[in-house]
Amino acid sequence: QVQLVESGGGLVQAGGSLRLSCAASGRTFNSYSMGWFRQAPGKEREFVAAISWSHGSTYYADSVKGRFTISRDNAKNTVYLQMNSLKPEDTAVYYCAAGQDTSRLRVGGRADYWGQGTQVTVSS
């Protein structure tokens with residue numbers, strides 16, 4: 001069993017930065033690939049970024065590539081999402097997820113565990 005708790009969301013002006021954190025509980029954290037998703041009002045949840053459990057390989061949605069960076073600290077059971085050059089269209093609730101591999105996270109958002117989400121609002 002893995003429990004995920006996100007933090008770090010908030011209100012920021014366009015062009016600004018935020019760093020989201022996702023703290024995981026459970027002794028099997030290191031065996032899960034981790035991902036970030038987001039859902040804007042009236043839209044479906046979409047994949048943002050993922051990082052593998054083994055080699056730390058990273059994957060990004062085209063919309064955030066070059067602006068967002070996902071990383072993980074297995075010693076702290078924490079995954080991060082550094083978000084730079086934020087745009088109003090990045091406004092959404094951001095969710096952390098844990099899954100068997102990055103392919104399952106990236107295609108269909110097939111995660112075993114989800115966090116409760118943290119709100120990110122980017123003003124123009």
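Keep in mind it's a predicted model, so treat the numbers as computed, not measured. Because only heavy atoms are used, hydrogens play no part in the values below, and waters and symmetry mates are left out as well, while side chains stay in. For the single chain, residues carry numbers from 1 onward in sequence order.
The shortest non-hydrogen separation linking Q119 to A92 is NE2-O, 3.4 Å. Between A24 and L4, the closest heavy-atom pair is CB-CD2, 3.6 Å. In terms of heavy atoms, S17 sits closest to N84 at OG-OD1, 2.9 Å. A pairwise comparison of heavy atoms in G99 and Y32 identifies O-CD2, 3.5 Å as the closest pair.
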Could you please spell out the steps behind the side chain to side chain contact (heavy atoms under 4.5 Å, CB included) verdict for E6 and W36?
CA-CA 10 Å; E6 301 97 333; W36 287 96; 3.8 Å; yes
Evaluate side chain to side chain contact (heavy atoms under 4.5 Å, CB included) for V120 paired with M83, printing each intermediate quantity in order.
CA-CA 10 Å; V120 171; M83 305 186 295; 3.9 Å; yes
Is there a side chain to side chain contact (heavy atoms under 4.5 Å, CB included) between W53 and T102? Walk through the geometry before answering.
CA-CA 9 Å; W53 68 270; T102 54; over 6 Å; no
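Scored by the salt bridge (Lys or Arg N to Asp or Glu O under 4.0 Å) test, R19 finds no partners at all (sequence neighbours excluded). Under the salt bridge (Lys or Arg N to Asp or Glu O under 4.0 Å) criterion, D73 pairs with no residue, sequence neighbours left out.
With rounding to the nearest 0.5 angstrom, the CD1 atom of I51 is 9.0 Å from the OG atom of S33. How far CE of M34 is from OG of S52: 12.0 Å, rounded to the nearest 0.5 Å. To the nearest 0.5 Å, the span separating CD1 on I70 from OG on S57 amounts to 11.5 Å.
The shortest side-chain heavy-atom distance between C96 and V79 falls under the 4.5 Å cut-off. No side-chain heavy atom of V122 sits under 4.5 Å from any side-chain heavy atom of E89.
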Side-chain donor-acceptor contacts of residues 40-49 below 3.5 Å, not counting sequence neighbours, with atom names and distances?
residue	atom	partner	partner atom	Å
E46	OE2	R38	NE	2.6
E46	OE2	R38	NH2	3.2

For residues 104-115, run the donor-acceptor check on the side chains, cut-off 3.5 Å, and write out each pair with its distance to 0.1 Å, sequence neighbours left out.
residue	atom	partner	partner atom	Å
R104	NE	D101	OD2	3.4
R110	NE	V107	O	3.2
D112	OD2	Q100	NE2	2.5

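For residues 62-97, the set of pairs meeting the ring pair (Phe, Tyr, Trp, His ring centres under 6.0 Å) definition, not counting sequence neighbours, is empty. Contacts classified as salt bridge (charged side-chain N to carboxylate O under 4.0 Å, His left out) and involving residues 51-64 (residues at least two apart or in different chains) are given here: D62-K65.
Panel note: side chain Y59, backbone S103; no donor-acceptor pair is recorded below 3.5 Å.
Linking Ile, Leu, Val, Met, Phe, Trp and Tyr whenever their side-chain heavy atoms come within less than 4.5 Å leaves L18 and F37 in two separate clusters.
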